Q: 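Got a structure for you, written out below as structure tokens; questions coming shortly.
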Amino acid sequence: MSQAQPVLSSVADLMLLVGEHIRRSLATQLHVRGSDGTVVTNVDLEADAMIRRGLEALTPAVTIFTEEASPRLTGSDSRWVVDPVDGTQNLVIGLPLVGSSVALMDKEGHCLLAVAADPVGGRVLAADSDTVYSQSWAGGGLKPLTPDELPRAEGVRRLALLRGNSSPALTPSSPGSTNSCRYG
């Protein structure tokens, strides 16, 4: 278990709340606005605010970059990178292929930990430099995943194609490397 485990666990709990908010929002009226070709909904803004408040409380000295608000610059070498609703276009058309993600990056751009909420699946996936974890809304805390339980790159590619994106080049980083909590 890594030294980042207490922060990872707290961020996973936060992202479970954000995922539940997004899931409940799938059945509500969206307020869509957009400028310069982008689409932003009330759900994007609400999720962004929830994540910012939670990260500010957990790690007040860390810079935060989000998709929907101005950066919160603290001068720290670490930074949170936030995508409050990944799949806004899907959300707008009623396709429930959406998520929410945060990653803590060091000054060199290495991912220290990452958490992604799966609102429809009712869980989060979280990773540090050593392990990938899962936690469901049913509770029980973060549980390490075995290699057989990890999401398959083929499924991620199919999902990207369903969303209208080109197929990403996904190759897991080598275990134990400084980038092992991301694909690419």
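None of these values were measured; they are calculated from a predicted model. Positions are given from 1 along the sequence.
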Q: Report yes or no: do Tyr133 and Val18 belong to one cluster of Ile/Leu/Val/Met/Phe/Trp/Tyr joined by side chain heavy-atom distances under 4.5 Å?
A: yes
Q: Could you check whether Asp44 and Thr41, counting side-chain N and O atoms only, form a donor-acceptor pair closer than 3.5 Å?
A: yes
Q: Has Asn42 got a side-chain atom pairing as donor or acceptor with His31's backbone, closer than 3.5 angstrom?
A: yes
Q: Distance only, no hydrogens: is a donor on one side chain within 3.5 Å (strictly under) of an acceptor on the other, for Gln135 and Asp13?
A: yes
Q: Side chain of Asp106, backbone of His110: donor and acceptor closer than 3.5 Å?
A: yes
Q: Quick one: do Trp80 and Thr59 satisfy side chain to side chain donor-acceptor pair (under 3.5 Å)? Show the steps, please.
A: CA-CA 9 Å; Trp80 287 105; Thr59 56; 2.8 Å; yes
Q: Measuring only between side-chain heavy atoms, which start at C-beta, is Trp137 closer than 4.5 Å to Glu20?
A: yes
Q: Between Arg53 and Glu56, does any NZ, NE, NH1 or NH2 come within less than 4.0 Å of an OD or OE carboxylate oxygen?
A: no
Q: Using a 3.5 Å distance criterion without hydrogens, assess whether the side chain of Arg72 forms a donor-acceptor pair with backbone atoms of Phe65.
A: no
Q: Starting from Leu45, can I reach Leu17 by hopping between I/L/V/M/F/W/Y residues whose side chains sit under 4.5 Å apart?
A: no
Q: Any non-hydrogen side-chain atom of Lys143 less than 4.5 Å from a side-chain atom of Ser134?
A: no
Q: Quick one: do Val43 and Val40 end up in the same hydrophobic cluster if we chain Ile, Leu, Val, Met, Phe, Trp and Tyr together by side-chain heavy atoms under 4.5 Å apart?
A: no
Q: Donor-acceptor pair, distance only, cut-off 3.5 Å: does the side chain of Asn90 make one with the backbone of Leu97?
A: yes
Q: Checking Thr66 against Asp48 for the side chain to side chain donor-acceptor pair (under 3.5 Å) test, could you report, in this order, the C-alpha distance in whole Å, the side-chain angles of both residues, the deciding distance, and whether it holds?
A: CA-CA 7 Å; Thr66 73; Asp48 187 85; 2.9 Å; yes
Q: In Å, rounded to the nearest 0.5 Å, how long is the span from OG1 of Thr88 to CD1 of Ile93?
A: 11.5 Å
Q: Using modelled atom types and a 3.5 Å cut-off, is there a donor and acceptor pairing between side-chain atoms of Ser101 and backbone atoms of Val115?
A: no
Q: Val82 and Leu91: same hydrophobic cluster, using ILVMFWY side-chain contacts below 4.5 Å?
A: yes
Q: Nearest 0.5 angstrom please: Arg23 CZ to Leu16 CG, how far?
A: 12.0 Å
Q: Could you check Val102, Asp118, Leu125 and say which one makes a side chain to side chain contact (heavy atoms under 4.5 Å, CB included) with Met15?
A: Val102
Q: For the pair Ser76 (side chain) and Ser78 (backbone), establish whether a donor and an acceptor sit closer than 3.5 Å, ignoring hydrogens and angles.
A: yes
Q: Quick one: does Ser100's side chain have a donor or acceptor within less than 3.5 Å of a partner on Val85's backbone?
A: no
